[in-house]
Amino acid sequence: MRRYYREPAGETLPVIEAEVLALWGEEGILSKVKERMRGGEPLVFCEGPPTANRPPHMGDALTRAVKDAFLRYHIMNGRRVVPYIAGWDCHGLPVELEVERSFGTDSKAAIESYGVDRFNAVCRESVVRYKADWEEMSRRVGYGIDYEGAYLTMSNEYIESVWWSLKQLHSKGLLSKSSQVVPYCPRCGTSLSTHEAALGFEESEVRWTLVRFKVPAIDAYALVYTESPWTLVANALLAVDASKQYSVFELSGEKLLVADEKAALLGSAAKPLRTMRGSELVGLSYEPPFEYHGFDGRGFRVVASTEVTKEEGTGVMHVSPPYASADCGIGAAEGIDLFDPVDDTGRFTDAVPELAGRSVHDASSEVVRMVEVKGLLFKWGLTKRSSPFCWRCRTPLMHRLMDAWSVRASGAKERMAQLNAGVRWVPEDYRDGRFGAFLEDAKDWSVSRSRYWGTPLPVWRCPSGHEVCVGSLEELSRLSAAPLPAPLDLHRPQIDSVRLRCPECGGEMSREHYVLDCWYDSGCAPFAQYHYPFENMAEFETHRSVDFITESADQTRGWFYTQHVLSTLLFDAPAFKSVLVLGNLLDDKDRVVKSSAEGVATPGEVFSSVGADAARLYLLDSAVWQPVKFSMDDVRKAMFGTFTTVLNLYAFYSSNANAYGYTGQEAKERTHDLDRWIVSRLNTTVKEVRAGFDALEVQSAVHAVVRFIDDLSGWYVRRSRRRFWVESDPEDRFSAHATLNECLTTLSLLMAPAAPFFSDWLYRRLLGRKGSVHLEDFPVADESQIDPSLEVQMALVRQAVEAGRTARQGANIKLRQPLDEAVIAAGRDGAWVLRRYEKMLSEELNVKRIECVESREGMVEFVVSPNLRTIGPKYKETAAEVSRMLGQVDGNELVKHLRTVGRVRLGGFDLCEEDVVVSERQKSGYAHASAGDVHVYISLGIDKRLKIEGLAREVIRRVQHMRKEQGLRFEDEVEVGYSAHPDIEAAIASYRPHICNETHARSVEKSSSTDGAKSWTVDKMPLELTVRKAGH
RNA sequence: GGGCCCAUAGCUUAGGUUGGCUGGAGCACCCGGCUGAUAACCGGGAGGUCACCGGUUCAAAUCCGGUUGGGCCCA
């Protein structure tokens, strides 16, 4: 027989995926997809560039699966994804740190002596290597996007776009250099932006101290609180809030000054001596604990500041200008000299001889000791505090005054909020919640880094102080004092050697030796991925905002933010129109997966053992905006089922289609209820899937598909099986084949976004290898095929079957034993519906007759008993008589009467409903069970006729079992021989043609030969069977 | 210290905006069925104080307040 369909041969998902991946390569599917997109309505996308500095883990795979599912969905809907390229974040501390680690070095000095050119070359190599890892994972997870055309933040083109943006900001006065107190990592030797600092908060123990500062004019000590004792070394001023009340308290014989509202920290023993306003303290001199610098006589005074009482403490604030931004502001306002005795590595300089060379964090305890020696320590202690650490190297950060280039984002708060109001966030509360709140509090963004591997800051200065920000390679070459080196690498150190001629004074300009925060690079991705404005001007200009992005929640303050800041400042447009925020992946111990090393399998392991599609379907069927638990075992359990089910459906379909010569012709008008039902379900599912993807709810889309698979396998195919090979009704057989074909084909399309490999495999098998599922249109629901009432009806039928089986099970009667009747009570509408499906019900429940009734009244007997709790008090001693009488009456009659009249007169006693406890008893001879509102009663009587039929089915079952044991195909004919108990013989005699038909037997004959016979016991009766393949 | 989210069977979870009648599934477990999807398919059973405490209400898994535990974020 010619087989039209290739039947499955034990393929597993990983094998299928390997086959499909190879086919995609051979056929150049990606370029075909690109071809197909041409001319479509654009869908602007931007790949949030992963940092290529570590191997990808399963959490990264999740993000890619989500992106891919949406892209595939939209592509199938005819959208043209632009620019449809991958992207890689190549620069920055993460990469440098990885390289430093491999060198085993730990300082900028080591890098300098190794050579910045060589160091950066190694950084580049590292990026290229990890990028390859990431590409491999991405391809394997099925992320369909152009990798060849990917944007790299380290390419000259990308850098040029970044430079262009910097020049825009510079010319608008939004990028400038100033001294600011910024978070600073002493190990990395560079400042960080505030949102970078926010990435590294950790709980740690800090040393707090209360220190006495003598204020002679009031003959008391001002108490000062600090959690960074080392900053006392640079104390320059004390600050008070001029509008607040202060008091001098007496405590254990000493006089202490604190703000009234903070007096509680002195305890109840403290007695106020005199009170004054903060303003009265302003201008007084005090004796500092350390005096390493004189401040030209302008220091060591009490000054006024409103910052004071905002903070924890005493209401008297110690001011050390270089180490906190509030302090810096106060110092500048008072015009005092800057005294910063800490070097770039976070160590004290010779200005503090006792501490020279010690790092500030380590020096705190020593400072406390020194204060104590001077008799100025009031109290100290340790407390838990979450404080910032370097997000990459885990060194505690300090705050430090530095020259830094920053982007003035604070001025654009309102505009950023306005633009954000129109952005669609999923989950919605991110818009006004986390993200919105962050925008309200937007700080200026310190973007310069004193490092090596990054986009160089394109600002050159001449000795006369002129400044130029270069915005393109053309401009660089035009201003350059000498021809540019070729090939040109824009990175350090080559770029540092480029000198410009000052356009204003002709002087030689040299570059500011900073590189950029790598978050600035990625924030430019929406336009820099196009090499805008040097290429693709029109493409970018027509869209401006990206239509859709999705990344994990930790990007709220990272990439989501930087994009939004830059897009607002540069284009006055939101960076993206809709964003799906993803939760983290959790391992089996609820820890966030941060690398493959920590407990969770690598993507490679997962894909090769359970398959990428299984992992994808599992992940996409979860609430992806929340933390998602992931373990390989769960994937296997939860999803293998779905794939094997579809695989089996295809196996079933293909073998039957092959056997009956069906080759995919379209269905004619569908008349069979089951066909109409499953097609209705199919179209409903199409609607649900579309709605899910359109609402950015992958989970509901994927879930709808899974439910459909259940219905298709669990009800449609199960109920329709015989129709697939019925000889007598070829039209109906054709309808079944055609319907299943349509369901499977559409299913392959519906699965394509979530399970790109398996769906394509299925599609190709169904259509004989022509084309690919990813070049097809996404299905559109045919409303005319949807019949909601039919779907409701079928659900009712399934409930009735469920209840019927429960009833049989309860009575312990095998399904293969035919029974007489089932009475189904399902209410008026239910009974009306179920009557239509009597044939189906009788087959499912294996009963001869189905009777659908509206009420179950006829099927139950009411048993009444006295409610002694009410009867007792009412009738006292005659209660016993009432009870006896109740025991004698017909319960059914009594209940009927009670329910209509409400009371009953019984032998001179008046009884109402509460006096009677009614219980139900099944009519004898029936087994009962219910599901929902459907009650099913199955008659239990088995007469001779039913018994014989049951025995015949026992014989059939055993023959089938033996056929299977011998590995026969269903079209193979057999000859059956038997010897058995007379009852069984009688059953065989009555049902011989039926048995032959069911078992594909040419003959069923009594035989004495025991050769190859198998012995069975049926209902304690012996049965010997031989099954032989019939000769041709 | 502050904000947001979460807590439902052994595990993964639906439902919660609109309070209401027996809180649904799947996996695992036990029992059974089916036998032209068979290293498949189907059914049944057991398993839940819906984290804890309190409030509103005739009625709370659902609304409100608090506690505990977890996640994320801010400073």
Side-chain angles (χ1 to χ4, degrees), chain A residues 7-8 10 12 194-195 197-199 201 310-312 383-388 427 429-430 432-438 441 552-554 556-557 581 583-584 586 588-592 618 621-623 625-631 633-642 644-656 659 699-700 703 706-707 710 713-715 717-719 721-722 724-726 740 801-810 812-817 844 846 929-933 953 956-965 967-972 998-1000:
Chain A
E7 296 177 25
T12 62
T194 45
H195 61 267
L199 292 171
F201 270 81
K310 284 182 192 165
E311 310 210 348
E312 202 158 349
T383 183
K384 293 262 181 211
R385 194 46 47 103
S386 98
S387 48
D429 42 281
Y430 272 81
D432 300 325
R434 285 194 194 174
F435 195 70
F438 196 67
D441 205 27
S552 62
D554 45 18
T556 312
R557 314 308 165 109
V581 184
N584 287 316
L586 302 180
D588 53 356
K589 294 188 183 73
D590 278 355
R591 294 172 309 195
V592 174
Y618 173 80
D621 195 18
S622 323
W625 56 92
Q626 283 178 9
V628 176
K629 276 211 184 185
F630 184 87
S631 82
D633 235 24
D634 286 346
V635 177
R636 209 187 312 265
K637 282 177 194 157
M639 294 328 297
F640 241 120
T642 303
T644 26
T645 302
V646 180
L647 204 58
N648 277 311
L649 283 169
Y650 175 73
F652 175 83
Y653 168 79
S654 57
S655 61
N656 282 296
Q699 186 194 25
S700 64
H703 212 68
V706 172
R707 272 202 313 274
D710 278 353
S713 162
W715 190 250
V717 169
R718 182 155 73 87
R719 278 310 313 150
R721 271 155 78 178
R722 281 163 190 267
F724 283 84
W725 56 79
V726 66
L740 183 54
V801 169
E802 228 172 80
R805 299 216 168 174
T806 311
R808 288 191 70 120
Q809 185 119 2
N812 203 11
I813 299 179
K814 289 174 186 167
L815 196 53
R816 74 180 92 95
Q817 173 60 58
E844 278 291 314
N846 196 16
S930 66
D933 292 330
R953 289 191 63 163
I956 292 169
R957 193 203 134 196
R958 281 160 175 82
V959 174
Q960 300 288 30
H961 187 91
M962 291 170 73
R963 285 184 60 112
K964 191 54 64 183
E965 274 184 344
L968 300 180
R969 288 185 61 94
F970 66 77
E971 61 263 28
D972 295 332
E998 285 293 303
T999 61
H1000 242 243

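Below, chains carry the letters A, B, ... as their sequence lines are ordered, and counting in each starts from 1. Quick caveat, the model's predicted, so the values are computed rather than measured.
- Distance CG (N846(A)) to P (G33(B)): 14 Å, rounded to an integer number of Å.
- Under a 3.5 Å cut-off, the side chain of R805(A) and the backbone N or O of V801(A) do not form any donor-acceptor pair.
- Taking atom NZ of K629(A) as the reference point, atom C1' of C11(B) lies 8 Å away to the nearest angstrom.
- Distance H703(A) NE2 to U12(B) C1': 12 Å, rounded to the nearest Å.
- For the P atoms, the distance linking U17(B) with A7(B) amounts to 14 Å, nearest Å.
- One atom, CG of L586(A), and another, C1' of U12(B), lie 13 Å apart when rounded to the nearest Å.
- Atom CZ in R808(A) sits about 11 Å away from atom P in G33(B), given to the nearest Å.
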Practice task
Go ahead and write out RNA chain B as dot-bracket, 5' to 3': ( ) for pairs within the strand, [ ] for ones crossing earlier pairs, | when the partner sits on another strand, dots for unpaired; Watson-Crick or G-U wobble, both distances under 3.5 Å.
Solution key: (((((((..((((......[...)))).(((((.......))))).....(((((..]....)))))))))))).
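- Taking Y653(A) as the reference, Y5(A) meet the ring pair (Phe, Tyr, Trp, His ring centres under 6.0 Å) condition, with sequence neighbours excluded.
- Under the side-chain contact (heavy atoms from CB on, under 4.5 Å) criterion, T12(A) pairs with P14(A), V15(A), sequence neighbours left out.
- Rounded to whole angstrom, the span from the CG atom of D621(A) across to the P atom of A14(B) amounts to 10 Å.
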Exercise for the section: At under 4.0 Å between heavy atoms, which parts of nucleotides 35-45 of chain B does protein reach? Answer with one letter per nucleotide, 5' to 3': B base, S sugar-phosphate only, - none. Expected result: BBB--SSSBS-
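- Nucleotides C64(B) and G20(B) are separated by 15 Å at their P atoms, to the nearest Å.
- The gap from the P atom of A28(B) to that of U68(B) amounts to 39 Å, rounded to the nearest Å.
- Rounded to whole Å, atom C1' of U12(B) lies 13 Å from atom CZ of F630(A).
- Distance noted for atom C1' between C52(B) and C34(B): 47 Å (whole Å).
- For F438(A), the side-chain atoms get nearest to C74(B) when compared with the rest of C72(B), C74(B), U12(B).
- Shown here are the ring pair (Phe, Tyr, Trp, His ring centres under 6.0 Å) partners of F652(A), two or more places apart in sequence or in another chain: F724(A).
- Between atom CD of residue Q699(A) and atom OG of residue S622(A) there is a gap of 7.0 Å, rounded to the nearest 0.5 Å.
- When side chains are defined from C-beta on, Q960(A) counts as touching R963(A), because their heavy atoms get closer than 4.5 Å.
- A gap of 15 Å separates the P atoms of C63(B) and C21(B), to the nearest Å.
- Partners of R957(A) by side-chain contact (heavy atoms from CB on, under 4.5 Å), not counting sequence neighbours, listed by chain and number: R816(A).
- As rounded to the nearest Å, G45(B) and A25(B) have P atoms that lie 10 Å from one another.
- Looking at heavy atoms from C-beta onward, R808(A) lies in side-chain contact with Q817(A) at the 4.5 angstrom threshold.
- When the shell of 6.0 Å around CZ of R707(A) is examined, it contains more than 12 heavy atoms from other residues, nucleotides or ligands.
- Spacing of C1' atoms, A61(B) relative to G16(B), comes out at 8 Å, to the nearest Å.
- Separating the P atom of G10(B) from that of C6(B) is a span of 23 Å, rounded to the nearest Å.
- To the nearest 0.5 Å, atoms OG1 (T642(A)) and CG (L647(A)) are separated by 12.0 Å.
- The separation between W625(A) atom CH2 and C73(B) atom P is 19 Å, rounded to whole Å.
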